[in-house]
Visitor: 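Here it is: the structure, laid out below.
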Amino acid sequence: MMSRAERTPLTDWWWTVDRSLLAALGCLMVAGLVFLMGGGPPVAERIGLPTFYFLNRQAIYLVPTILLICAVSFLSLRGVRRLALITWAIGVVLCVFAAKFGPEIKGAHRWIQFGSLGLQPSEFVKPSFVVVAAWAFSEGAQRRDMPGGILGLLILPLTIVPLLLQPDFGQTMLITLVWCALFFVAGLHLIWVGALGLAGMVGVFAAYTFFHHVRERIERFLDKDSGDSFQVFWSQESFRSGGWFGTGPGEGVAKRHLPDAHTDFIFSVTGEEFGVLVCLGLVALFAYIVLRCLKQARRTDDTFSRLAITGLTTLFGLQACINMAVNTQLMPAKGMTLPFVSYGGSSLISLALGMGFLVALTRKRPRSTLLSQKPPGTAPATVAGVMR
């Protein structure tokens, strides 16, 4: 056991970190390995890989994932902002590079190849974007000489334009929704609420008009007879077959037909083999993480921490909701992984970065420490003042 009397960086971290949050994230990682034992082997065998290829790779990826969460969680608020800004800038540049020179996969250019290693830079843009946007809004609320509100507005198009060039409408939609949540928490006027709602409807209509794959997925969702409904059928069939208690680990049938049973449709495979009750337990685990982090955001007195925690939590929760909604046919199909459960190297490492930011921001800090990490010249201000 670590004593509170010992004053070392490790003991200070242990007694100030949210251990319940770390435990919940650990449960998600273990659950991901268990569920991947069912969804991974059929896909690996279908493409000529060793049976437990995806499971073994996921276990290997979890090592740097855990290390990154712990390392980032040691950062001060100033360190979190600096790392986020650097990551965001590099990520946006790499997104542009991927759109122009990346390999085409399923009609999009979202990846950069480093030999045999593939990297999806948009995954790393998401958590860093949230922190940078929260930083801009908070500075605008606390410093009258800082145009934080304008910077917060400009950072959105700078981020989503490279994503639309790839094109990646799903990540664009997710980032925009999280930005709107930040904007709302920052105290936007009702006029801005209406303007953002109108802009959102225009954006969806434009995507439906100009992006063929978006139009195809929406029409297939509204009318299942309008196109290929192969994935839709088997994702629904998996829950029907599994019932409340499931068919048993390894006994599922849908995973042999779903092309992305180890990534986008891991929730459906879990529903068939482990049952609806286990799926509800997984939903409860995600809900616990989200609610606990929002509770921490509500308690903090620091404007930047409140906005950043809210944004990162919204990003995490929305990504999980979108994946599960697609699996249960509550929204059109979209390639979105289930956090820490779906297979994916870029996804895991980017989630580790985001959760590392979140753990660092939710650590208990004396008020004197928070004040010392604010830029000189800041004055107390309400969050609602960010757009004044």
Visitor: Would you say L353 and L83 make side-chain contact, with heavy atoms under 4.5 Å?
Guide: yes
Visitor: Any carboxylate oxygen within less than 4.0 angstrom of a Lys/Arg side-chain nitrogen, looking at R240 and E272?
Guide: no
Visitor: Check whether more than 12 heavy atoms from other residues, nucleotides or ligands sit under 6.0 Å from atom CZ of R299, and answer yes or no.
Guide: no
Visitor: Give me the atom names and distance for the closest heavy-atom approach of P249 to F274.
Guide: CG-CE2, 3.9 Å
Visitor: Give the cluster check for V283 versus V326: same hydrophobic cluster or not, with ILVMFWY residues linked at side-chain heavy-atom distances below 4.5 Å.
Guide: yes
Visitor: Measure the shortest side-chain to side-chain distance between C293 and L312 over non-hydrogen atoms and say whether it is less than 4.5 angstrom.
Guide: no
Visitor: Tell me the closest heavy-atom pair linking V125 and C95, and the distance in Å.
Guide: CG2-SG, 4.0 Å
Visitor: With rounding to the nearest 0.5 angstrom, report the CG to CG distance, L68 to L348.
Guide: 11.0 Å
Visitor: Given 3.5 Å as the limit, does a donor-acceptor pair link the side chain of T65 with the main chain of Y61, or not?
Guide: yes
Visitor: Assess, by modelled atom type and distance only, whether the side chains of T300 and R306 contain a donor and an acceptor separated by less than 3.5 Å.
Guide: no
Visitor: Please give me the minimum heavy-atom distance between T313 and V290, naming the atom from each residue.
Guide: CG2-O, 3.5 Å
Visitor: Can you confirm whether W135 sits close enough to V130 that some side-chain heavy atom of one is under 4.5 Å from a side-chain heavy atom of the other?
Guide: no
Visitor: Measuring only between side-chain heavy atoms, which start at C-beta, is F124 closer than 4.5 Å to I90?
Guide: no
Visitor: Just by distance, no angles: are the side chains of T337 and Q319 close enough, under 3.5 Å, to form a donor-acceptor pair?
Guide: yes
Visitor: Considering only heavy atoms from C-beta outward, does the side chain of D264 approach that of M336 to under 4.5 Å?
Guide: no
Visitor: Ignoring hydrogens, what is the shortest heavy-atom contact between V269 and G38? Give both atom names and the distance.
Guide: CG1-C, 4.1 Å
Visitor: Is it the case that the side chain of D302 and the backbone of S305 share a donor-acceptor pair, with hydrogens and angles ignored and the cut-off at 3.5 Å?
Guide: yes
Visitor: Around atom OH of Y288, are there more than 12 heavy atoms from other residues, nucleotides or ligands closer than 6.0 Å?
Guide: yes
Visitor: Is there a path of hydrophobic side-chain contacts, each under 4.5 Å between heavy atoms, that joins V80 and L85?
Guide: yes
Visitor: Could you walk me through whether E123 and Q171 pass the side chain to side chain donor-acceptor pair (under 3.5 Å) check?
Guide: CA-CA 8 Å; E123 290 287 349; Q171 301 283 25; 3.2 Å; yes
Visitor: Before giving the answer on side chain to side chain contact (heavy atoms under 4.5 Å, CB included), spell out for Y53 and V43 the whole-Å C-alpha distance, their side-chain angles and the decisive distance to 0.1 Å.
Guide: CA-CA 10 Å; Y53 173 83; V43 180; over 6 Å; no
Visitor: For residues L154 and V93: do they belong to one hydrophobic cluster (side chain heavy atoms under 4.5 Å, members Ile, Leu, Val, Met, Phe, Trp, Tyr)?
Guide: no
Visitor: Just grab all the salt bridge (Lys or Arg N to Asp or Glu O under 4.0 Å) pairs involving residues 277-289, residues at least two apart or on different chains.
Guide: none
Visitor: Of R292, R363, K295, which meets salt bridge (Lys or Arg N to Asp or Glu O under 4.0 Å) against D18?
Guide: R292
Visitor: Evaluate side chain to side chain contact (heavy atoms under 4.5 Å, CB included) for V359 paired with V72, printing each intermediate quantity in order.
Guide: CA-CA 8 Å; V359 174; V72 174; over 6 Å; no
Visitor: Any link between V34 and L28 through a network of hydrophobic side chains (Ile, Leu, Val, Met, Phe, Trp, Tyr) touching at under 4.5 Å?
Guide: yes
Visitor: Between CG of L315 and CZ of F129, what distance do you get to the nearest 0.5 Å?
Guide: 10.0 Å
Visitor: Looking at every non-hydrogen atom in both residues, tell me the closest pair between G40 and F54 and how far apart they are.
Guide: O-CD1, 3.6 Å
Visitor: Please tell me whether F245 and V276 are part of a single hydrophobic cluster in this structure, the criterion being side-chain heavy atoms less than 4.5 Å apart.
Guide: yes
Visitor: Hey, are W111 and S346 close enough side-chain-wise for a donor-acceptor pair under 3.5 Å?
Guide: no
Visitor: Would F286 and F316 satisfy ring pair (Phe, Tyr, Trp, His ring centres under 6.0 Å), going step by step from the backbone distance to the final call?
Guide: CA-CA 9 Å; F286 278 109; F316 178 82; 5.6 Å; yes
Visitor: Stepwise, does the side chain to side chain donor-acceptor pair (under 3.5 Å) test hold for W88 with T159?
Guide: CA-CA 9 Å; W88 174 78; T159 304; 3.0 Å; yes
Visitor: Side-chain contact test, heavy atoms from C-beta onward, threshold under 4.5 Å: evaluate it for L33 versus L62 and give yes or no.
Guide: yes
Visitor: Between F137 and F304, does the ring centre distance come in under 6.0 Å?
Guide: no
Visitor: Could you tell me whether the side chain of V178 reaches within less than 4.5 Å of the side chain of K126, counting heavy atoms only?
Guide: no
Visitor: So which atom in E273 and which in G252 form the shortest heavy-atom distance, rounded to 0.1 Å?
Guide: OE2-N, 3.2 Å
Visitor: For the residue pair M173 and I322, establish whether any side-chain heavy-atom pair is separated by less than 4.5 Å.
Guide: yes
Visitor: Could you check whether any side-chain N or O of R110 sits under 3.5 Å from a backbone N or O of P167, counting only pairs where one atom can act as donor and the other as acceptor?
Guide: yes
